[in-house]
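For reference, the structure is listed below as structure tokens.
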Amino acid sequence: MRRLVVIAIPYLWLIALFLIPFVIVLKIALSDTALAIPPYMPQFDISAGWQGIRDFFSQLDFENFVFLTTDDLYWKAYLSSVQIAAISTFCTLLIGFPIAYGMARAPEEWRPTLMMLVILPFWTSFLIRVYAWVGILSNEGVLNQFLMALGLIDSPLQILNTPTAVYIGITYTYLPFMILPIYAALERLDGALLEAAEDLGCSRLTAFWLITVPLARNGIIAGCFLVFIPAVGEFVIPSLLGGSRTLMIGKVLWEEFFSNRDWPVASAVAVILLLILVIPIALFQRNEQKQREAEE
Amino acid sequence: MKRLSWFNVTSLTFGFAFLYLPMVILVIYSFNSSKLVTVWAGFSTRWYGELLQNDQMLDAAWVTIRVALASATLATILGTLAAYVLVRSGRFLGRTLFGGMIYAPLVMPEVITGLSLFLLFKPIFNQLGIHTIILAHATFSMCYASVVVSSRLVSFDRSLEEAALDLGATPFEAFRLVTLPIIAPAVISAWLLSFTLSLDDLVIASFTTGPGATTLPMKIWSAVRLGVSPEINALSTIMIGIVTIGVITASLASKRAAVRRAGEERAAVRT
């Protein structure tokens with residue numbers, strides 16, 4: 001009995017505030033925009049009994065989804081979100097792996113400090129860390145001033161308000177999410193395996209490819225998912241750094257909701273975004289579950 | 001002792017420079033006396049003074065702190081329960097669904113979470129505001145909290161709990177007297193994590209807020225959308241300072257506690 005209560009509290013909380021809201025999003029995505037309060041129809045009318053429920057379902061349709069396919073804006077935004085997220089994830093891996101590797105090779109007494117240095121930015125406001133790049137990347141920003149002072153360029157580079165700025169922003173803010181799982185995997189790696197490989201005539205680079213990378217695989221996979229999935233729906237970074245020409249679906253959803261006040265279309269955008277992410281999210285969970293079972 | 005190869009030293013140096021330089025630059029420019037952020041016009045604390053006179057900013061900070069305190073406490077209680085269920089309850093109906101609901105919010109794009117919670121709250125509550133932001137923050141923070149606590153529960157020696165039960169403790173007593181003190185460091189870090197997640201959040205709060213409830217991130221957002229502003233640099237510097245002091249203090253305290261515990265264990269073994 002007591003066990004049931006312990007399970008029920010978090011379970012019901014998540015069902016009420018995580019699962020049911022998705023059902024509502026789906027329902028409103030199938031509704032029509034209306035000039036009323038709330039601004040969509042049909043309304044669910046339980047007092048009308050069975051007939052009311054049938055009427056309700058007969059009024060749901062896929063009109064909003066059809067609308068999304070007719071306007072170029074939406075599928076272009078989806079496509080460019082996935083592309084931007086993929087490129088940024090790759091950059092994060094490229095920068096994050098050597099840092100995680102260096103941390104795992106560092107003397108043991110340094111490691112807690114290095115770990116703290118990686119986590120510290122994560123505790124600082126996300127918004128502030130993105131904002132810091134506005135002052136660096138703008139045309140009169142610190143980076144352009146620095147490069148011009150060195151004489152490497154004559155006129156400022158346009159970086160802010162381009163996709164490049166978004167790649168930098170995502171890589172920067174999500175870097176700890178990539179470093180930590182890879183570091184966790186590399187730290188457990190037994191150094192004797194590498195020595196054995198070298199003794200058996202492997203070059204260091206071959207040993208790295210044949211031993212280190214496969215053993216760090218789960219960490220790399222977890223890191224990539226932790227960066228890629230939220231990056232696809234990112235809103236703050238493309239809005240602050242990407243300018244008006246960088247299309248990302250999180251921004252489109254935000255504008256549908258806050259500027260156009262079109263809840264049904266915003267919901268339809270959310271449903272499709274979720275459909276795109278459902279496969280990576282499921283893979284991510286399987287990876288986590290497998291690691292958990294391996295630990296137990 | 002192993003020596004670091006030049007490759008590792010370079011990658012660590014460049015990596016940490018990349019992580020920290022942007023924030024250092026932000027802090028330096030908060031002391032710039034010019035309104036133009038790009039031109040250095042001499043040292044000044046002018047923007048800090050203006051910040052302290054900005055009542056709207058201070059109000060928003062107060063709202064944010066209240067939301068964070070309440071939602072972090074809720075999230076820690078729910079997250080600890082959830083971790084306990086995940087690690088200890090074995091198989092039960094819908095365990096896969098439960099595990100899924102714990103991990104999915106960790107990667108769920110914030111715009112989706114925000115929109116779905118707004119659509120849930122709108123018909124239920126007359127007015128959205130601080131209370132709805134607290135509920136929303138508690139929900140996504142509890143997932144982070146449960147991941148932190150469950151990592152500690154997994155490495156925990158279960159026979160201690162069983163011993164307590166054998167000696168006549170009720171399951172609740174065993175939890176309160178044995179399990180909770182041992183997982184306490186994880187519970188505290190879960191609370192701190194939930195607190196900062198709530199302080200930080202712009203997107204979910206924007207969706208679930210109502211009239212009169214403006215949080216600090218929303219205030220910062222409306223200021224920085226128009227470009228760089230030295231007052232926001234000053235505010236950022238204060239926030240970075242608080243976080244740095246907090247994290248360093250916490251890590252020193254936990255280090256000292258670990259040393260003390262090791263000492264006590266040695267003493268216990270000797271006697």
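Keep in mind that this is a model prediction, so the values were computed, not measured. Proteins get letters first, then strands, A, B, ... in listed order; numbering begins at 1 in each.
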Looking at [options], which makes the most heavy-atom pairs under 4.5 Å with chain B?
options                               : result
A:Val236, A:Val271, A:Ile95           : A:Val236
A:Leu274, A:Ile20, A:Leu226, A:Leu277 : A:Leu274
A:Pro121, A:Ala270, A:Ala16           : A:Pro121
A:Trp133, A:Phe177, A:Tyr101          : A:Trp133

Heavy-atom contact with chain A under 4.5 Å, split by part of [X]:
X        : value
B:Phe121 : side chain
B:Thr13  : neither
B:Ile25  : side chain
B:Thr10  : neither
B:Met239 : side chain
B:Leu192 : both

Distance-minimising heavy-atom pair for [X] and [Y]:
X        : Y        : answer
B:Leu117 : A:Leu17  : CD2-O, 3.3 Å
B:Val107 : A:Ile281 : CG2-CG1, 4.0 Å
B:Leu120 : A:Pro21  : CD2-CG, 3.9 Å
A:Leu14  : B:Phe98  : CD1-CE1, 4.2 Å

Ring geometry between [Y] and [X] (parallel below 30°, tilted from 30 to 60°, perpendicular above 60°):
X        : Y        : result
A:Phe235 : B:Trp221 : tilted
B:Phe18  : A:Tyr172 : perpendicular
A:Trp254 : B:Phe207 : perpendicular

In terms of heavy-atom proximity below 4.5 Å to chain B, should [X] be classed as side chain, backbone, both, or neither?
X        : value
A:Leu160 : neither
A:Trp13  : side chain
A:Val118 : both
A:Phe284 : side chain
A:Phe258 : side chain
A:Ile15  : both

Would you check if [X] and [Y] make a side-chain contact, meaning some heavy-atom pair closer than 4.5 Å?
X        : Y        : answer
A:Ile136 : B:Pro22  : yes
A:Ser267 : B:Leu115 : yes
A:Phe18  : B:Cys143 : no

Checklist line | Greater than 12 external heavy atoms within 6.0 Å of B:Ile124's CD1 | finding: yes
